[in-house]
Amino acid sequence: MTKIRSVVLGCGSYLPEQVVTNAQLAARIDTSDEWIVQRTGIRERHIAAEGEFTSHLAIKAAQAALTDAGLDAQSIDLIVLATSTPDNTFPATAVAVQHALGINHGAAFDLQAVCSGFVFALATADNFLRTGAFKRALVIGAETFSRILDWNDRGTCVLFGDGAGAVVLEAQEQPGQAATDRGIVTTHLRSDGRHKAKLFVDGGPSSTQTVGHLRMEGREVFKHAVGMITDVIVDAFEATGLNADRIDWFVPHQANKRIIDASAHKLHIAPEKVVLTVDRHGNTSAASIPLALSVARKDGRIKRGDMVLLEAMGGGFTWGSALVRW
Ligand SMILES: CC(C)(COP(=O)(O)OP(=O)(O)OC[C@H]1O[C@@H](n2cnc3c(N)ncnc32)[C@H](O)[C@@H]1OP(=O)(O)O)[C@@H](O)C(=O)NCCC(=O)NCCS
């Protein structure tokens, strides 16, 4: 029986011009290139310019995704933007993107699941498309984490960067076979608020009326990450009957190379199938997966028909996976 699937028509990304290397950070705080590379795999990150907002990055990524898809913005009727660093407390950054693209039909809203934001946004858009509520969606992950970092906390400020990525999804009828259908085949989302204090921002409109800074118990996050990531990927395999051998590309959230390597190893995913950008981008939270997708599309790795496995884990904790046939 045929099935409506959300098929990826294009993807795009944008990184701010300014690159900050580990050596540049080491000139300002008590850290070293060696420590950062060894513990995280990060070598450099992009940092937004003064006056460059999350919406500005998101608009450029969305335009690149539309160009890649060969589509006019007017054909988009849904925008879901994942961010933890919105331009304003409200309205949603998504409406600034919608307006900049000249769209005033359909719906646009933000979604907050920190580093898992893109997977949550993809699953949300997928559900709207499969019910027939919308036809074409822009799913965006965009962040300016540099604005919520405590630049005197060497345990966190070396880890993050700014950037944005986007994909265009279209509701299309497919034959209804998880193993061969194009589009999003399955998504699995989880959260557990017991871990809230391990990774959070110590401010907000209702609590302190300040923006606040990111706080993290790095070791605690590390301890839970691999188990949560692999569990939710096993859920995806069990739901579809697919396994690691059937995956062409593993595009994980780019937080830390050690977490990515350990997850791939535990799942028996071959290292050459893993798309890694954390060395050049740092952790860009909700933007990291679409940024990595964009890199692997542009350099010719991900091709039409490839099975792509996405996963993310972040503050909350939240975590999730998605299987997408390109
Ligand atoms: C953050 C992380 C790299 C820290 O590595 P770690 O091995 O756990 O290090 P610890 O925090 O235990 O600190 C070990 C030592 O390094 C020091 N240190 C911390 N940051 C440092 C830095 N940037 N440069 C140099 N030394 C640093 C600590 O002060 C500590 O020193 P001490 O032993 O003298 O007290 C690691 O915990 C991690 O990757 N966690 C997951 C974070 C993550 O991915 N979060 C995002 C999820 S979406």
Side-chain angles (χ1 to χ4, degrees), residues 20-45 82-85 111-121 141-146 148-163 165 189-193 195-202 213-233 251-264 276-279 281-292 310-321:
V20 175
T21 64
N22 291 346
Q24 285 171 300
L25 287 180
R28 279 192 265 156
I29 53 166
D30 184 14
T31 189
S32 65
D33 177 55
E34 193 194 1
W35 192 96
I36 302 171
V37 172
Q38 193 199 38
R39 305 284 173 124
T40 71
I42 299 166
R43 293 180 184 277
E44 58 188 37
R45 71 286 293 142
T83 190
S84 300
T85 46
L111 187 149
Q112 157 66 286
V114 206
C115 295
S116 309
F118 185 77
V119 174
F120 276 57
E143 302 279 16
T144 47
F145 256 53
S146 61
I148 55 164
L149 296 175
D150 175 351
W151 287 98
N152 294 311
D153 175 11
R154 66 178 183 171
T156 55
C157 76
V158 303
L159 304 174
F160 296 90
D162 301 337
L189 307 182
R190 297 286 307 279
S191 49
D192 184 346
H195 302 286
K196 185 178 165 226
K198 296 186 178 98
L199 177 51
F200 71 108
V201 169
D202 62 3
H213 290 116
L214 184 148
R215 306 292 173 205
M216 180 172 70
E217 295 172 34
R219 278 210 171 174
E220 282 296 312
V221 177
F222 201 104
K223 211 169 78 186
H224 288 88
V226 177
M228 287 177 163
I229 289 165
T230 50
D231 277 358
V232 82
I233 291 173
V251 186
H253 168 50
Q254 310 280 322
N256 183 312
K257 187 173 183 300
R258 286 193 297 157
I259 294 175
I260 295 171
D261 289 347
S263 305
L276 266 182
T277 51
V278 69
D279 55 333
H281 301 168
N283 180 350
T284 57
S285 189
S288 93
I289 291 175
L291 271 163
L310 314 177
E311 65 76 7
M313 183 262 182
F317 293 146
T318 53
W319 64 108
S321 65

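Remember, it's 1-based here, ligands and their atoms both numbered in the order they're listed.
By the criterion of a heavy-atom distance under 4.0 Å, the side chain of N256, and not its backbone, is placed next to ligand 1. When non-hydrogen atoms are compared, ligand 1 lies under 4.0 Å from neither the backbone nor the side chain of I36. Contacts with ligand 1 closer than 4.0 Å are made by side-chain heavy atoms of T40 only, the backbone lying farther away. In I259, the part holding a heavy atom less than 4.0 Å from any atom of ligand 1 is the side chain.
Shown in contact with V158 at under 4.0 Å from a heavy atom are these atoms of ligand 1, numbered in order with element: 23 (N). Residue A255 approaches ligand 1 through these ligand atoms, each under 4.0 Å from one of its heavy atoms: 44 (O). Residue N283 has at least one heavy-atom neighbour below 4.0 Å for each of these atoms of ligand 1: 46 (C), 48 (S). Close approach of ligand 1 to C115 (heavy-atom distance below 4.0 Å) involves ligand atoms 48 (S). Residue M313 approaches ligand 1 through these ligand atoms, each under 4.0 Å from one of its heavy atoms: 48 (S).
Ranking protein heavy atoms by distance to atom 10 (P) of ligand 1, first place goes to R219 NE, 4.0 Å. Shortest contact from atom 24 (N) of ligand 1 to any protein heavy atom: T31 OG1, 2.6 Å. Regarding atom 40 (N) of ligand 1, its nearest protein heavy-atom neighbour is G218 O, 2.9 Å. Nearest non-hydrogen protein atom to atom 45 (N) of ligand 1 is M216 SD, 3.2 Å. The protein heavy-atom contact nearest to atom 47 (C) of ligand 1 is V221 CG1, 3.8 Å. Closest to atom 20 (N) of ligand 1, if we only count protein heavy atoms, is W35 CH2, 3.3 Å. Atom 14 (C) of ligand 1 has its closest protein heavy atom at R39 NH1, 3.9 Å. Counting protein heavy atoms only, atom 31 (O) of ligand 1 is closest to R154 NH2, 4.0 Å.
Judged by distance alone, with hydrogens and angles left aside, the side-chain atoms of N22 form a donor-acceptor pair with the main-chain N or O of I42 at under 3.5 Å. Between the side chain of S116 and the backbone N or O of T318, at least one donor-acceptor pair lies under 3.5 Å. Not one N or O on the side chain of E220 forms a donor-acceptor pair closer than 3.5 Å with the backbone of E217. The backbone N or O of R39 lies less than 3.5 Å from a partner atom in the side chain of R258, making a donor-acceptor pair. Proximity of a side-chain donor or acceptor of D162 to a complementary backbone N or O of S146 within less than 3.5 Å is detected. Between the side chain of N283 and the backbone N or O of N256 there is no donor-acceptor pair closer than 3.5 Å.
The presence of a protein heavy atom under 4.0 Å from atom 35 (O) of ligand 1 is ruled out.
Minimum interatomic distance between V158 and R45 (heavy atoms only, all atoms of both residues): O-NH2, 2.8 Å.
With hydrogens and angles left out, the side-chain atoms of T85 and E143 include a donor and acceptor closer than 3.5 Å. Between the side chains of T284 and Q254, no donor N or O sits under 3.5 Å from an acceptor N or O. With 3.5 Å as the limit, one finds no donor-acceptor pair spanning the side chains of N152 and R28.
In this structure, the side chains of V114 and S285 come closer than 4.5 Å at one or more pairs of heavy atoms.
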